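What follows is a single structure, written as structure tokens, with notes after it.
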2 protein chains.
Amino acid sequence: MNRADPIKAISRKTLHEELVERLQSLIIEGNLIPGEKFPEKDLCEKFGVSRTPMREALKVLAADGLIVLEPNRGAWVRKITLEEIEDIFPVLAALEALAGELTCKKITNDEINQIKYYHSKISDSFKNENLSEYFKYNQLIHDGILAATRNEILIFQHKTVASRAQRARFVANMSYERWKQAMDEHKVIMKSLEERDCEALSQVLKQHINNKFVSVKELFLKGEDV
Amino acid sequence: MNRADPIKAISRKTLHEELVERLQSLIIEGNLIPGEKFPEKDLCEKFGVSRTPMREALKVLAADGLIVLEPNRGAWVRKITLEEIEDIFPVLAALEALAGELTCKKITNDEINQIKYYHSKISDSFKNENLSEYFKYNQLIHDGILAATRNEILIFQHKTVASRAQRARFVANMSYERWKQAMDEHKVIMKSLEERDCEALSQVLKQHINNKFVSVKELFLKGEDV
DNA sequence: ATTCTTTATAATGAATTCATTTTGAAATCA
DNA sequence: TGATTTCAAAATGAATTCATTATAAAGAAT
């Protein structure tokens with residue numbers, strides 16, 4: 001599949017695919033409460049589908065680890081524990097480090113320019129203290145780096161692990177200090193990318209995740225909910 | 001969940017769970033031919049189940065990337081390409097490297113002794129040129145190292161990626177030279193583990209995968225089937 | 001003969017139905 | 001009062017049924 005190919009195949013979606021996506025968003029964005037049981041019937045009524053495609057979707061989400069299915073007992077959104085956070089971030093850091101190495105070797109100048117644009121936007125949002133804009137461009141930058149690795153397996157695994165991290169509501173919170181730190185890290189990310197310094201990029205991406213790890217863990221211990 | 005806990009919860013399995021496991025084995029062991037279509041009806045008859053649980057299982061396998069589902073067209077075992085092999089192994093190497101780091105810090109003496117036992121068995125199987133025994137104990141050693149990381153996310157992601165690698169039949173083939181090289185690597189793995197040298201263990205596990213990568217790639221290019 | 005329609009068959013998508021298990025409230029007993 | 005048992009209602013597991021889409025063979029047209 002050529003990335004530059006402007007013609008994309010028309011993707012026809014089955015109900016269960018649609019449901020997987022919608023439910024994933026609901027869970028990641030925290031609209032379904034962890035630990036709370038949700039009966040199939042209610043979900044089916046909300047989405048206006050029968051139980052068959054809904055149950056298919058639930059199996060997929062369970063395989064991804066977003067929900068827990070107990071035979072004959074039903075589905076729960078998986079609770080986030082400190083232990084899970086401590087498991088997730090080192091794996092995410094390792095995947096980001098690899099992404100840094102690979103991206104450097106594969107990224108095109110056009111792609112670097114695109115990310116430079118996002119970087120300028122993210123600087124603006126920091127100056128304007130616009131947090132939701134920050135998250136938007138942060139996501140675009142990191143997705144851009146991942147896509148440039150040209151490694152479908154890495155992209156897929158990263159997405160899976162990142163979505164589990166995302167569920168910690170704390171990921172979307174930041175102290176001003178952490179925000180400032182993150183901006184400094186982003187500067188180093190951009191610099192390493194432009195210089196195509198693989199080692200440096202790999203290291204700073206890993207450090208970026210590890211610093212976020214520290215920040216998320218602090219917020220989790222303070223909040224102690226989710 | 002405590003690993004040492006001798007009492008395991010009785011696991012009642014639903015049909016679809018059973019099917020996922022059985023189909024996974026069939027695919028990984030190469031009993032279902034990549035690229036070949038398999039109609040639901042045939043599978044249902046073979047396993048003696050109705051379409052409902054079978055279809056649930058297929059969705060899960062598709063989410064794991066073992067099969068491809070096209071709406072209204074059915075299911076295929078995903079073909080392995082050179083590109084996929086080249087994507088898989090670097091990710092696997094990164095995960096193994098992380099496993100090495102973590103294991104060193106967490107592994108108990110009992111667990112090291114258990115792995116030492118497997119190592120003695122694997123040396124025997126090399127001497128006796130018993131390849132299937134070699135693979136058996138190789139699997140046990142690597143599973144033991146993963147389990148000792150105590151990182152459920154890492155264990156899960158590693159399993160997913162490793163199962164995709166496993167599908168390359170070539171993984172289960174080895175030249176005598178490669179086998180000898182692998183045995184040398186195993187010696188270094190054991191030494192690093194006993195000395196709890198994190199850095200060394202991480203490096204040798206990564207190298208172990210990268211050398212396997214080279215060997216698998218060669219066999220793939222020679223064979224050019226699957 | 002080759003290509004294009006047409007149409008019957010088969011396969012998949014999704015809703016419904018039936019069977020089994022869980023759940024929780026009412027009834028019973030200590 | 002509190003614990004245990006019983007049983008009806010609700011939820012889930014799985015099979016069946018119905019609807020829609022793909023497939024491929026037969027016939028028509030060039």
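Predicted, not measured: the structure shown is a model, and the values here were computed from it. Residue numbers start from 1 in every chain, and the chains themselves are labelled A, B, ... in the order their sequence lines are given, proteins ahead of strands.
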Pairs under 3.5 angstrom, nitrogen or oxygen only, protein versus nucleotides 9-13 of chain C, please.
unit_1  : atom_1 : unit_2   : atom_2 : d
dT12(C) : OP2    : Glu40(B) : N      : 3.3
dT12(C) : O3'    : Asn72(B) : N      : 3.4
dG13(C) : OP1    : Asn72(B) : N      : 3.2
dG13(C) : OP2    : Arg55(B) : NH1    : 2.4
dG13(C) : OP2    : Arg55(B) : NH2    : 2.9
dG13(C) : N7     : Arg51(B) : NH2    : 3.0
dG13(C) : O6     : Arg51(B) : NH1    : 3.3

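We find that CE of Met54(A) is positioned 14 Å from P of dT16(C), with the value rounded to whole Å. The distance between atom CD of Glu56(B) and atom P of dA15(C), rounded to the nearest whole Å, is 14 Å. Rounded to an integer number of Å, the gap from Leu58(A) CG to dA11(D) P is 15 Å.
Taking each heavy atom of Cys198(B) and Lys105(B) in turn, the nearest pair found is SG-CG, 4.2 Å. Residue Ile107(A) comes nearest to Ile115(A) through the heavy atom pair CD1-CD1, 4.0 Å, listed as atom of the first residue, atom of the second, then distance. Across Lys106(B) and Ala148(B), no two heavy atoms sit closer than the pair CB-O, 3.2 Å. The shortest non-hydrogen separation linking Val91(A) to Asp87(A) is CG2-O, 3.4 Å. Asn151(B) approaches Glu86(A) most closely through the heavy-atom pair ND2-O, 4.4 Å.
For the pair Trp76(A)/Glu36(A), no side-chain contact is recorded, criterion being any heavy-atom separation below 4.5 Å from C-beta on. Side-chain contact between His208(B) and His186(B) is present, with heavy atoms from C-beta onward closer than 4.5 Å.
Note on the helix from dA1(C)-dT30(D) to dA30(C)-dT1(D): angle between the axes of the first and last five pairs equals 0°, rounded to 10 degrees.
Taking the ring pair (Phe, Tyr, Trp, His ring centres under 6.0 Å) definition, one finds that Tyr134(A) meets it with Trp179(A), sequence neighbours left out.
Not a single donor-acceptor contact under 3.5 angstrom links the side-chain atoms of Ser50(A) to the base of dA14(C).
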